[in-house]
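Below is one structure, written out as structure tokens; the observations come after it.
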Amino acid sequence: MKRFFLLSSFFLFFALSSFAQQSSFRFAWLSDTHVGSATGEEDLRITIHDLDTLNNIAFIILSGDITELGWNDQFTLAKSMLDSLNKPYYIIPGNHDTKWSESGCTMFDRIWGSDRFVFEYKGFRFIGLHEGPIMRMGDGHFAPEDLRWLDSVLTAMPDKKQPIIFVTHYPVDPSIDNWYEITDRLKQFNTQVILCGHGHANGKYSFEGIPGVMSRSNLRARHPLGGYSIVDVRNDTMFISERTPGVETHTAWDTVILAAHNYAADTTHYSRPDYSINQTYQNIKPVWSVNTGYTIASAPAVEGNDVVTGNSSGNVECFSLADGTKRWTFHANATVYSTPDIADGKVVFGSSDDNIYCLNVKDGKEIWKVSTHAAVVAVPRIVDGVVYIGGSDGRFRAINLSTSKVKWEFSGIKAFVESKPLVYDGKVIFGSWDGNLYALNTADGSLSWKWSNEKSWLALAPAACWPVAADGKVYIVAPDRFITCLDAASGKEIWRSGRHQVREAIGISNDGSRVYAKCMNDTLFAYSTAASTEQFTWITDCKYGYDIDPSMPQEKDGVVFFGTKNGLVFALDGKSGTILWEHKIGNTIVNTVAPIDAHRVVVTDFDGRVILLENK
């Protein structure tokens, strides 16, 4: 028996060794090029010139964060540069390409054909897949539609033992909220290594037993030149070296042994999401739950018995509030990440197909649409028969709800709008990713005032929060981690504080006496709107951990509800801040929720689910 085992081991080793020798090759690996940042374009041009001088590179892979902000002109520039390469390349986006996407995450697909890749080279199968997150701050998340694609790729493999090299952007660990969906799948196959970026530094990892390697950013950072990785596959080993363009390829800093893996033999217990909090509050139950199968990155709209949501497939769907039955489906020609608004029997939303739609809420039939010059990812607000909505074309519009006639159009915006505008005291107030908060006169769209936090990096703009107002004051939060109180009439600062690391989630009580802001660590704050300085009504430690999900706190009948980036939904008493309950619906981003009353709330999440929770 021992002799048989030794012979078997010898033949396995011989087979693997022979395969590797026949399959020796070299490829280049770029990550985090950040075209649009200070040196991103120049650093990439230097690397491209260097790659064109290397004759022994079979192909190039790029593992995300191709651009700094995912804006169309940045993608177009990156594409023109990369297409000048004299070698084939394979590319996926990263979080910088998807979070601040003026196109609603459609431009990448449009110019590169796909945001995924799969190809074979000398016996290896390369699979590239990103994890966003799409349009919102939060952990990385493998979308349900992308997991279905991966399943189709893996199940279609003729040889289930074919060695796989998996390429993604984030490390495949809890920095992705559903990392286990990938590790569990890849461990069923002969996965050799996971290649990732995101961290901007070389690193060696083990992702639940799967070898992992992180590559440095192509950016120069504090050095004269940037750099990238050279990967050599030879003699049963993968060698990873750093190359300084135009200078040298350095000695390999990491190696990965290429072998036939049996991950099933690994008996290590790996952590998984903890749902034990639901045992503490057993009275909180899902009345119904619907899985749409596609990413939902917007809040639900609820009116009467109608619950309306949009998703990444372009579908806008209406469900019965009573039992979750689907009532109708409308299909736009691109993603819908615009939270709908409902009034007078009409539902309005924007789509990345460059249109603003108005449907009959009862049957989903189109009543009208207004064509714009770019994607519409902004949230509409309907007040007194007028739809107020921004776009990605540098314009903000007021549209007559009944006739679709554009009442006025403001064209002085330098970047896209995604937030829900505030209509208050004769003004419509909203932020943009150009760094400004705008206040327009509702009568004619003229500029009343604008305000900026004066941050040079536009990703810190007050553009994602939904402004709130009371007692002549407007309140906003932004990624610069400040809450700001402005005079509604003039836009002048009344007070501004960065003491508590708020970010993009803000709300207001029904009576206007309290403004709610979610801190990046554990805490929900209630600010007094009567004060002319930063004063708290209450502070509650919710113990939700680090959180950057822009789920706006929403109050209904004295109860304030909000969600987190890891699937928690909270309900607090609005007057005291006492936690009434919390419930974990999943492990991914919960969008801004839609409370029905003090006991019921409709929630959506990035897994594509629509759920009615009830405190029974």
Side-chain angles (χ1 to χ4, degrees), residues 31-44 64-78 93-103 105 107-108 132-140 169-170 175 197-201 216-223 226 377-378 390 392 394 412-419 430-438 450-465 467 476-484 486 493 496-506 517 519-521 546-550 565:
S31 196
D32 298 86
T33 54
H34 289 273
V35 172
S37 65
T39 66
E41 177 184 350
E42 183 181 1
D43 290 340
L44 183 55
D65 277 4
I66 309 306
T67 66
E68 178 69 356
L69 291 172
W71 292 2
N72 293 350
D73 59 345
Q74 294 177 1
F75 280 137
T76 301
L77 175 59
N95 59 302
H96 275 251
D97 304 311
T98 60
K99 163 61 188 84
W100 297 280
S101 174
E102 62 185 323
S103 71
C105 298
M107 188 64 173
F108 196 99
I134 301 297
M135 301 300 299
R136 304 288 179 261
M137 271 293 173
D139 294 335
H169 183 62
Y170 278 68
S175 62
H198 190 61
H200 287 219
R216 60 156 295 159
S217 166
N218 190 65
L219 296 174
R220 70 188 67 177
R222 297 180 180 88
H223 301 282
V377 298
S392 297
I413 308 169
K414 305 303 181 184
F416 78 102
V417 176
E418 70 168 85
S419 73
F430 59 93
S432 165
W433 288 111
D434 65 5
N436 293 306
L437 184 77
Y438 292 87
K450 69 178 178 179
W451 176 90
S452 172
N453 59 13
E454 304 298 334
K455 300 297 181 182
S456 59
W457 192 36
L458 296 180
L460 300 180
C465 78
I476 57 168
V477 290
D480 64 355
R481 305 178 186 184
F482 277 74
I483 180 171
T484 304
L486 303 171
E493 288 182 20
R496 177 168 158 81
S497 173
R499 292 194 299 157
H500 299 290
Q501 292 196 321
V502 295
R503 192 176 175 97
E504 292 177 325
I506 193 168
C519 173
M520 291 171 60
N521 288 284
Y546 175 73
D547 192 84
I548 52 178
D549 172 18
K565 70 179 179 67

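In what follows, every heavy atom counts, from backbone to side chain, and hydrogens, waters and symmetry copies are set aside. Computed from a predicted structure; not experimentally measured.
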remark   = D547 meets the side-chain hydrogen bond (donor to acceptor under 3.5 Å, both in side chains) criterion, sequence neighbours left out, with K518
Residue list, side chain to side chain contact (heavy atoms under 4.5 Å, CB included) with T67, at least two apart or on another chain = Q74, F75, D97
Between side-chain atoms of residues 498-506 and protein atoms elsewhere (two or more places apart, or another chain), which donor-acceptor pairs fall under 3.5 Å?
| from | atom 1 | to | atom 2 | distance (Å) |
| --- | --- | --- | --- | --- |
| R499 | NE | E534 | OE1 | 3.1 |
| R499 | NH2 | E534 | OE1 | 2.9 |

message = For a side chain to side chain contact (heavy atoms under 4.5 Å, CB included) check, start with the C-alpha distance between F416 and V377, then their side-chain angles and the critical distance, and finish with the verdict.
response = CA-CA 8 Å; F416 78 102; V377 298; 3.8 Å; yes
query = Between atom OH of Y170 and atom CG of D65, what is the distance when rounded to the nearest 0.5 Å?
reply = 8.0 Å
key: Rounded distance (nearest 0.5 Å) linking atom CD of E102 with atom CG of N72   = 4.0 Å
remark   = Closest non-hydrogen contact found for G435 with P462 is O-CD, 4.0 Å
remark   = Interatomic distance, CG@L458 vs NZ@K414, rounded to 0.5 Å, equals 13.0 Å
query = Who pairs with R216 by side chain to side chain contact (heavy atoms under 4.5 Å, CB included), at least two apart in sequence or on another chain?
reply = N202, E242
inquiry  = List the residues meeting side-chain hydrogen bond (donor to acceptor under 3.5 Å, both in side chains) with S31, not counting sequence neighbours, and say none if there are none.
reply    = S63
query = Should I66 and P93 count as side-chain neighbours, where that means a heavy-atom distance under 4.5 Å?
reply = no
key: Contacts of type salt bridge (charged side-chain N to carboxylate O under 4.0 Å, His left out), residue D32, not counting sequence neighbours   = none
ask   = Of all heavy-atom pairs between D139 and S175, which one has the smallest distance, and what is that distance?
value = CB-O, 3.3 Å
query = Quick one: salt bridge (charged side-chain N to carboxylate O under 4.0 Å, His left out) partners of E68, sequence neighbours excluded?
reply = none
ask   = Which pair of heavy atoms, one from I476 and one from C465, lies closest together, and at what distance?
value = CB-SG, 3.9 Å
task = Could you please spell out the steps behind the side chain to side chain contact (heavy atoms under 4.5 Å, CB included) verdict for Y546 and K565?
result = CA-CA 9 Å; Y546 175 73; K565 70 179 179 67; 3.9 Å; yes
request  = State which residues pass side chain to side chain contact (heavy atoms under 4.5 Å, CB included) with E493; sequence neighbours excluded, sorted by chain then number.
outcome  = W451, T484, L486, R496
message = If you define the side chain from C-beta out and look only at heavy atoms, does anything of M135 sit under 4.5 Å from S101?
response = yes
query = Taking only residues two or more places apart in sequence, or in another chain, which ones meet A459 in a side chain to side chain contact (heavy atoms under 4.5 Å, CB included)?
reply = L69, W100, W457
note = For P133 and N95 the tightest heavy-atom approach is CD-CB, 3.8 Å
query = Hey, does R220 have a side-chain heavy atom less than 4.5 Å from the side chain of E42?
reply = yes
query = Would you say the side-chain atoms of N453 pair up with the backbone N or O of D480, donor to acceptor, closer than 3.5 Å?
reply = no
ask   = What residues, two or more places apart in sequence or in another chain, satisfy side-chain hydrogen bond (donor to acceptor under 3.5 Å, both in side chains) together with H96?
value = none
Parallel, tilted or perpendicular: ring planes of F430 versus Y438, cut at 30 and 60 degrees = parallel
key: A463 to S419 - nearest heavy-atom pair and separation   = O-CB, 3.2 Å
ask   = So, for A464 and E418, which heavy atoms are closest and what is the spacing to 0.1 Å?
value = CB-OE2, 3.9 Å
task = Please list, chain by chain and in numerical order, all residues satisfying side-chain hydrogen bond (donor to acceptor under 3.5 Å, both in side chains) with T39, sequence neighbours excluded.
result = D43
key: ring pair (Phe, Tyr, Trp, His ring centres under 6.0 Å) involving H200 - partner list, sequence neighbours excluded   = H34
